[in-house]
Structures are given as structure tokens and as C-alpha cells.
Protein chains: 2
Amino acid sequence: MTLTSPGPTLGVVGGGQLGRMLGEAAAPLGVEVVVSDPTPDAPAAPVVRDQLVGDFDDRETLRALAERSDYLTFEIELADPDMLEAVSEETGVPVHPEPATLRTIQDKLVQKERLQDAGIPVPEFRQVDSTEDLHAALDDLGTPAMLKAREGGYDGRGNVLVESREDAESAMDEIAGPAMVEAFVPFERELAVMGCKTEGETDTFPVTETIHEEEILRESVSPPRATDERIEAARDVAEDVLAEMEGRGVYGIELFDTGEAILLNEIAPRPHNSGHWTIEGCHTSQFEQHVRAVTGRPLGSTERRDPTVSVNILGDGEERREARLTGEEAVFERDRAHLHWYGKREVYPLRKTGHVTLTGDDGTDDLLASARNLRDGLTFK
Amino acid sequence: MTLTSPGPTLGVVGGGQLGRMLGEAAAPLGVEVVVSDPTPDAPAAPVVRDQLVGDFDDRETLRALAERSDYLTFEIELADPDMLEAVSEETGVPVHPEPATLRTIQDKLVQKERLQDAGIPVPEFRQVDSTEDLHAALDDLGTPAMLKAREGGYDGRGNVLVESREDAESAMDEIAGPAMVEAFVPFERELAVMGCKTEGETDTFPVTETIHEEEILRESVSPPRATDERIEAARDVAEDVLAEMEGRGVYGIELFDTGEAILLNEIAPRPHNSGHWTIEGCHTSQFEQHVRAVTGRPLGSTERRDPTVSVNILGDGEERREARLTGEEAVFERDRAHLHWYGKREVYPLRKTGHVTLTGDDGTDDLLASARNLRDGLTFK
């Protein structure tokens, strides 16, 4: 390994907040970042070497990205694994994690089948291609149940809670495509683990408690408000999941803790919202770790420095409008609070526009209450 | 205060490593950075919105920078205070810290006179415009003594140690311009304090021990290897110095500790090498603090998170050549070690090309020894 200037260039498919935070993390390591994104002047643009404008699955854009890069990765599941593979083969630029892993994960049904086959505990699920399928599945799994589009969902889009048998048809209409249904898991808490993999090295960040509302992550808390035994159990499952993943990078592993079992909910083959707290909370952030892994550098320490909470800043109001946030002065005034603004031009209801991280030595409950207070003072005009 | 996208733009005169680290720190706050620098593709370029290419004192460049900015600052003393003032007046874009402060600090003689008048303890000094002046001064101050160019020196350039009366003429020849001479201070250690100022708020980062060789900073250690009493004394002097500074921003305040007295060595009206350790070592880095102060945001916590050492990566060898560093794998492998690469294209002897920070709970001596080991494993091919 040798450090040069310019150093290696990391091409990232996607230039949203994850691309932006990858850019922030890469510079100190001497790694330059170029992103591709369909939205001109995407969130990552101001902090990376360059943005190429083009769809995630536009072959010409992807090829141009590869030609400027020494390594390719993606920060969004909408990346196209076939095209990534083809362009990688044509240009000789490696993609991490492997496109095959992305392909498996993109299809929630295939993802679950693969993990179940590997012995990972998952909620009961069924493939459903019609209302009749869904009715039959509900007979087995009971209600409520979670109907999920097999592909393309994120931040709650593509998920529909089916409260009763009567909702089946409207739920299928809403998904409007290939689907799967999962038994509703009566969890005590949700947990998440950021795993990381590179050649010959595997590690996990400390277990995080995640709090969702309307299927959207609102808050992350580490350590979780759970016994050591539950935390250990979550880490064990995460390690088993990670062993099944192929390719270098970080993985967001979302889990249900029923108090008795840890069940895998979902995997993301990229940095994940549940790991944003690691920027201030750990010696190495998930973003630096991803850059390290993808560019073949050794992994950094995943040790937690301090108890840490992060809370998302989500779009409020009812309509799409220019993003103008007020109330952030209190965040700047609070010791050990850190603002992360994603630079999105427009806000709409529940859109992730930033997050606030708070570290502290108070109990986690107090820390979470303080972070929520800061967040609740933030509003879009 | 309101956060928007794009947020406020900070125009920075100078795009070296300080501009680069300002860029890294600004993005999470929603602040965009544009730099101006005469070297195309300067170190800051890949991580900021844009670089304007032009001399630090080129009026057209400075005016173009102001027209794209909401605030102006500088990361290099070679900025021209008169021109900054003029452009600020023409465009209505404020400059922080005040150009008047830069003007005072740029001239080391004026700087010392001003501080001495304010009651700050400084080494004895004399103005010297000729070999005769220097001879007379040495009669008063004794030898060795430090001859300094009044303007333009940095990283040891512009400083000549005068060992004896016989060296006076050659020393004056080397400086080749207006100079001052200072009594040599037989210090026990050198200390530094990063001070920060904004409207109605003043704070200091924890005191740092600095280790120089050949007038160039090699290592920074916080907390210093000194008694609480010496550390307190250093902070007191730094606070007095800071009270004399006009304008928002961070200030590097370098001090001599003789064991009995704390004497002011030099001030830099900008982020400073002795504060690089704050990136990992404190809750707020000196770079974030500078961005906060200049853009009118409240200051962040200056509390130290862990004992921290940073060591500079300096150019080795004898000639100017392409920068190719080897041995950095050991830095990546070491838990809690952090590489900061400045992205400079070329290396020459003693050029600052990066730094390594190590945090830890071991004693400071052990931490410093470990950091030195990592640095000593780094060589340019």
C-alpha cells in the first residue's frame, strides 16, 4: 500500500446523505470520492471531487464513473447489480460489496430464503403474488402481518401493515407487484448491528437500539436499553448474518428482539442510518470503515467511545417545499451535540434531511430525552 | 439563524491543509466552503465546493471569492489585510477575524509590541534593521538569540538562531529585510493553546505541549507533561492574549514555559498545527470551532475526550519529488490511530504532508512513544 496524491478514487453509485458522509470520511484517508446520482447537485456534491449526473442504472454514467475510479461501491440499493458486474468486468474496476450480494438483498424474498437456509432466525414469511396467496398466507401466519414489496422499498415505502383478512386486496393493490408477507413480530425492542468485512477481517460495531415510527427510523441508542444477555444474543445473530455476506464493506443488520429470540428483519449492504451515531460515538465511523474496507485498508477500531444517541431530522408539514430549518441554534449551543445537515434542497413529509448526535455519560434514558428535546425544537418553516 | 440548502458559503483565502480540514468540518454544519489558492488543485480542492485559482493578494480573485461567499476568512498569514478590508467594504461580506488583527500579527515586531503594551509577558526583544542594530541588541540580550524576519516567516523559515556576535552579519543577510531579535528563552517546555472567540463568547481548548525540531512542530501532546499549576499558568496567559485579539475565529497561541514564567512566543489568527489533535481529541475540533465562530454559530464544547497525541508527517529525503508515502498500513492497523493526509502532490524536506493522531488512556509518555513509532515507520519513496 502506498499513499499518493491524488490517492485512490472511490466511485460511489448514489450521492445522497450516505455518499456525502462517505465523502467527509474519505478525505483524511487520502481517498478521493466521485459519486453518480440523477439529481444534479446531490447532497454529496459539495464535499466530493465530482458528481456525475445520471440514473443509478444508466450504463453510460456507470461506465464513466468506473473509468474515473479505482474502486466502485454503492450507497443505495437501487444500484443495478447486473450492470455493476458488467461494467466492472469491462473496466477491471472492482465493486465492493459484490454485486451478487446486492442482488440477493434487493429481493426481500430471496434475502429471507437465503438467510433462512443458512440457519439465521427470521420471522415466518410467504411469497405472495396474488390476493389469494395473501389470504392463504394470512391463514397460516395470522394478523396483523407485514406485506412487503420484494424490491425497491425503503424508509417504509413498499411496506404495508395488513391488520385483517379484509385488508388483503387493498394491500396488494398498494404494493402493485411481486410481494412477500411476514408474520408480525411482537418485539420488545428493535436492535441493529453495523457489520464490517474486508479480506480476512470481520468485525461488528456495538449493538444499537433503534426506534421506528411509521416504519421510519427515528432514533438510535447505543448501548441499547437491554440486558447484556440480549445485546450478546443480537451480536451473535449479526455475526452469523455477516458470515453469509460476500464482499467487502459495511452492512446494516436490523433485528427484532422478542425478549426470547433475536430475529433478522432486514439487511442493507452499505452504511445505514442506524450507524450514523458511530461518527462521534466510536473510534472509527461506519463511513470511514466502509471506505477502509472497500479500498483494501485494514478495518479500524469499532470500540464505542461514549454512550451515544442520534435522532433524525425528518421533513414536517404536508407539502414539498424549500428546506428551511429553524431552531438549530439550540443544537449548536448544547455541549456534545453534533448537527449533520444533508444539504437537501427540498423537504417533504418524513424526508430525512439531517440528524443530531448527542454523546454523554448520563443514563441512556436521559441522553435520549435530551436528544429528543433538541430534535423537537427543530421545524421547517 | 436558519439552515438552508445550499447553506451559507464560507470563503477561505488559502487552500492548503488548513483549508482542507476546514472543508471537512464545515459540511456537517451545512456550511459550504470555497477556497482561493495560487496552486491549481490545492489540498482543499477535492473536499470543498470550489477552488478559485489566484494569488492570496490578487484583488480580482479575492473579489470573486467574496462574491460567492457569505463570510470570508483566511487560513494563511500571507493574506493581505488591506485588500481584505477593501473587498469586504466593496462587497459587504464580513471578514473574520478582523483584518486589523491579521495586520498586527503579520508583523512580528508590531505583534510583540502590542502584546507587551497590554501586559502580556514576552521574551525581551529589539527591532533590528542593520548589523549594527543586531550587535547592539546582542550586547543587551546576550547570545544565543533568535533573529526573526518581521513578516512572511512560517515553519521555521524566516527564523535564524544567532549563536554568537560573529554570526550577526550572516544572519542579517539570511533574513534580508526588516527584522527583530529575541532573547533566547531557556524553556522547560513549549506549550500552546487554541483560543476561540465569537460575539460575546470566548473559550480555550485544553493546553497542549508542543515539541519542535529545527523550528518546525513535530508533535503535540495533550494533556502536557507538566504540573496542573504550569498548565493553569499557560491557560491564564492565553486568556489574556485572547482578550487582546479582535474578531471571531480560533487563534493558535504558542508559549514558552520556563518553569517559572509563561512567555508568549507567537500567535496565529487561524487554526494551527498545535490544534490538529482536537479533531479526535475534543468534542469539537478547532476546525469546526473556526467555522462556527466565523459564521456566527455558538461555540462548541472544547472539552478533551481522551489524552491525545498528534505527530506530523514531514517530507524526508533531499529533493522535491512526487509524494509517495509507504508504511501507512501500520497506522490503519493501530486501534485509535487516525491518518490525516493533506493531498499534496509533491514532497520536499520537512514539508508538512499529513499527520497521525493517537488517542488512548495509557500515560502520555507511552502514547507519545507509540505515535512516534507509527510516524517513524512512514517514509517517502
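Since the model is a prediction, treat every value here as computed from it, not as a measurement. Letters go in sequence order (proteins before strands), and every chain restarts at 1.
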Quiz item: Is it true that A:D361 and A:R336 make a salt bridge, defined as a side-chain N closer than 4.0 Å to a carboxylate O?
Solution: yes
Practice problem: Look at the side chain of B:T73 and the backbone N and O of B:H96, then say whether any donor-acceptor pair between them is shorter than 3.5 Å. | Solution: yes
Quiz prompt | Residue selection (most heavy-atom pairs with chain B, distance under 4.5 Å) from A:P28, A:G30, A:G343 | solution = A:P28
Quiz prompt | Check ion pair B:R292-B:E288 (N to O, under 4.0 angstrom) | solution = yes
Practice problem: Give a yes or no answer on whether the side chain of A:Q51 reaches the backbone of A:A42 with a donor-acceptor pair at less than 3.5 Å. | Solution: yes
Quiz item: Looking only at heavy atoms, which two atoms of A:L22 and A:P271 are closest? And how far apart?
Solution: CD2-CG, 4.2 Å
Practice problem: Before accepting this row, confirm whether a basic side-chain N of the pair A:R321/A:E346 lies closer than 4.0 Å to the acidic partner's carboxylate O. | Solution: no
Quiz item: Using non-hydrogen atoms and a limit below 4.5 Å, what part of residues 275-285 of chain A faces chain B?
Solution: A:E280, A:H283
Practice problem: Answer yes if the side chains of B:R351 and B:T353 hold a donor-acceptor pair under 3.5 Å, and no otherwise. | Solution: no
Quiz item: Highest number of heavy-atom pairs under 4.5 Å with chain B: which of A:H340, A:R305, A:R324?
Solution: A:R305
Quiz item: Does a salt bridge link B:R49 with A:D41, judged by any charged N lying under 4.0 Å from a carboxylate O?
Solution: yes
Quiz item: If you tally heavy-atom pairs under 4.5 Å against chain A, which of B:A25, B:A323, B:P6 wins?
Solution: B:P6
Quiz item: Between the main-chain N or O of A:V309 and the side-chain N or O of A:S220, is there a donor-acceptor pair closer than 3.5 Å?
Solution: no
Practice problem: Report the option among A:P298, A:G354, A:S301 that has the most heavy-atom pairs separated by less than 4.5 Å from atoms of chain B. | Solution: A:P298
Exercise. Considering only NZ, NE, NH1 and NH2 on the basic side and carboxylate oxygens on the acidic side, decide whether A:R345 and A:E322 come within less than 4.0 Å.
Key: no
Quiz prompt | Pick from A:T4, A:T2, A:L339 with the largest number of heavy-atom pairs that fall under 4.5 Å of chain B | solution = A:T2
Self-check item: Residues in residues 325-334 of chain A near chain B [non-hydrogen atoms, under 4.5 Å]
Solution: A:L325, A:T326, A:E328, A:E329, A:F332, A:E333
Practice problem: Check whether any side-chain N or O of A:R20 sits under 3.5 Å from a backbone N or O of A:W341 as a donor-acceptor pair, and report yes or no. | Solution: yes
Quiz item: Are the side chain of A:R375 and the backbone of A:V311 linked by a donor-acceptor contact shorter than 3.5 Å?
Solution: no
Self-check item: Ion pair B:K381/B:D316, N-O distance below 4.0 Å
Solution: no
Quiz item: Highest number of heavy-atom pairs under 4.5 Å with chain A: which of B:D335, B:V47, B:T359, B:V31?
Solution: B:V47
Exercise. Identify which part of A:H355 has an atom lying under 4.5 Å from any heavy atom of chain B, answering side chain, backbone, both or neither.
Key: neither
